Amino acid sequence: MTTWTRHLYEHDPLAIAKGESNGYEARNIFGYNAIVGTSYIPCWENNTAYVQPTTGLTMTVTSNVADNGVVIRIIGLDVNYNIIAENVTLNSAVPPTTTLQFFRINDVVTISGNALNSIVVSNGGVTYAKIRGGDGKNQASIFTVPAGYTFYLMRIDAFCATAAQNNRQIYFRNFVCLPTGVKLRVAETSFLETMHINRQIPFKYTEKSDIEFQLRGSAGEQFISVFGEGVLVKNTIQGEP
């Protein structure tokens, strides 16, 4: 059996989007928050810094009684950074706990029904993911690259409609924590309403890297959204190229 090393430019973007490119997957990293203050945070459902688990954790899912029976899927990584996923049926009376232990959570998405209220995925009082009521999916500018994969970042856009009106600046930086524990805070820039970074050569994130697109304002609080687009590539494929 042959092991093939994959290269990003071998495949057409449409084929990647259609799921017809073996080992390649479109990956969007996006989030928003309506009350981003003057400290750097990723744009996610809470207006706070995000804390990653330090070990694999079983997660408790809390929700509103009106949303009982809705099914969500938690997609994340185990302590070896391998991809894991588990479906959970909402029950407000007895909040369900996952059987799998999550070291990272990349996505929480509804797969059956529609919750009109917030869904919180937590452990020990710490929130690790959340779906706002009616959204159907978490929206967080946070992502961890699974083991055996590389993430290639193609573009980043950020928006704040009111910053210029209030004579404020918005600041952006690209945060990454490497698997060695080294933390990098790079590509810091400022803008008033719109930021657009379209990379001619993709930025490469190796396996097990924690990524956050972090933003803050120069004063007060503001609604900020950020969108990142890239390709998640499996490093090696068994079989035919």
Side-chain angles (χ1 to χ4, degrees), residues 23 25 27-31 40-63 67 70-112 115 118-132 135-151 153 174-185 204-214 228 230 232-236 238:
E25 175 186 342
R27 177 73 208 191
N28 294 300
I29 305 173
F30 58 89
Y40 273 114
I41 63 170
C43 285
W44 68 303
E45 282 72 12
N46 293 344
N47 65 326
T48 61
Y50 185 81
V51 179
Q52 297 279 15
T54 57
T55 188
L57 299 173
T58 56
M59 297 292 172
T60 299
V61 182
T62 54
S63 57
D67 301 320
V70 171
V71 182
I72 64 168
R73 174 169 288 182
I74 304 171
I75 306 168
L77 309 176
D78 64 15
V79 292
N80 296 311
Y81 292 86
N82 293 316
I83 298 171
I84 57 175
E86 183 171 342
N87 295 347
V88 177
T89 301
L90 302 186
N91 183 342
S92 62
V94 184
T97 299
T98 61
T99 57
L100 298 176
Q101 293 187 327
F102 288 85
F103 184 58
R104 295 289 185 268
I105 295 178
N106 280 332
D107 298 287
V108 184
V109 59
T110 303
I111 60 173
S112 177
S118 293
I119 303 167
V120 177
V121 181
S122 65
N123 177 285
V126 179
T127 297
Y128 292 105
K130 184 176 180 180
I131 300 178
R132 298 180 184 90
D135 281 1
K137 185 188 183 304
N138 71 317
Q139 300 185 66
S141 60
I142 302 165
F143 180 67
T144 299
V145 184
Y149 289 79
T150 301
F151 176 65
L153 177 65
N174 193 338
F175 169 84
V176 58
C177 181
L178 303 177
T180 59
V182 172
K183 297 179 180 180
L184 304 176
R185 299 168 177 87
K204 177 182 178 180
Y205 293 92
T206 57
E207 64 174 4
K208 307 178 184 180
S209 296
D210 294 321
I211 304 166
E212 294 184 14
F213 300 148
Q214 298 180 342
L232 185 64
V233 179
K234 194 168 184 179
N235 294 337
T236 58
Q238 300 292 326

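We're numbering straight along the sequence, starting at 1. On a predicted model such as this, the values are computed, not experimentally measured, just so you know.
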To the nearest 0.5 angstrom, please state how far the CH2 atom of Trp44 sits from the NZ atom of Lys130.
-> 8.0 Å

With rounding to the nearest 0.5 Å, note down the distance linking CG in Asn138 to OG1 in Thr110.
-> 9.5 Å

Keeping the roles fixed (side chain from Glu45, backbone from Gln139), state whether a donor-acceptor pair exists under 3.5 Å.
-> yes

What do you reckon, is NZ of Lys137 surrounded by more than 12 foreign heavy atoms closer than 6.0 Å?
-> yes

If you measure from CZ on Arg185 to CD on Glu212, what distance do you get to the nearest 0.5 Å?
-> 9.5 Å

Can you see which heavy atom on Gly136 is nearest to which on Ile131, and at what distance?
-> N-CG2, 3.6 Å

Atom pair CD1/CD1 of Ile105 and Ile142 - distance to nearest 0.5 Å = 10.5 Å

4.5 Å side-chain heavy-atom contact, Asn174 and Phe213 | yes

Evaluate the side-chain proximity of Thr150 to Val145: yes if any heavy-atom separation is below 4.5 Å, no if none is.
-> no

Trace of the side chain to side chain contact (heavy atoms under 4.5 Å, CB included) decision for Leu77 with Ile83 | CA-CA 5 Å; Leu77 309 176; Ile83 298 171; 3.9 Å; yes

Flag side-chain contact, heavy atom, 4.5 Å: Leu153 against Ile211 | no

How far apart are the closest heavy atoms of Val71 and Thr89, and which atoms are they?
-> CG2-OG1, 3.7 Å

More than 12 non-hydrogen atoms from neighbouring residues, nucleotides or ligands closer than 6.0 Å to CZ on Arg73, yes or no?
-> no

Within the side chain of Asn106, is there an N or O that forms a donor-acceptor pair under 3.5 Å with the backbone of Thr144?
-> yes

Does Asp107 pair with Arg27 as a salt bridge, N-O distance under 4.0 Å?
-> yes

Would you please indicate yes or no on a ring centroid separation below 6.0 angstrom for Phe102 and Tyr128?
-> no

Measure the CG-OG1 distance between Asn46 and Thr127 for me, rounded to the nearest 0.5 Å.
-> 5.5 Å

Once you round to the nearest 0.5 Å, how far does OG of Ser209 lie from CZ of Phe143?
-> 10.0 Å

Residue pair Pro96 / Val88: nearest heavy atoms and the distance that separates them = CG-CG1, 3.3 Å

Give a yes or no answer on whether the side chain of Ser141 reaches the backbone of Cys43 with a donor-acceptor pair at less than 3.5 Å.
-> yes

Side chains of Tyr50 and Asp210: do they bring a donor and an acceptor to under 3.5 Å?
-> no

Do you know the tightest heavy-atom contact between Pro95 and Thr60?
-> CB-CG2, 3.8 Å

Over all heavy atoms of both residues, which pair between Ile119 and Leu90 is shortest? Give the atoms and the distance, please.
-> CD1-CD1, 3.7 Å

Are the side chain of Asn80 and the backbone N or O of Asn82 linked by a donor-acceptor pair below 3.5 Å?
-> no

Note: Thr48 and Pro42 closest approach over all heavy atoms is O-CD, 4.2 Å

Say whether, by atom type as modelled, one donor and one acceptor occur between the side chain of Glu86 and the main chain of Thr98 under 3.5 angstrom.
-> no

Under the 3.5 angstrom rule, does the side chain of Glu207 hit a backbone N or O of Gly148 as a donor-acceptor pair?
-> yes

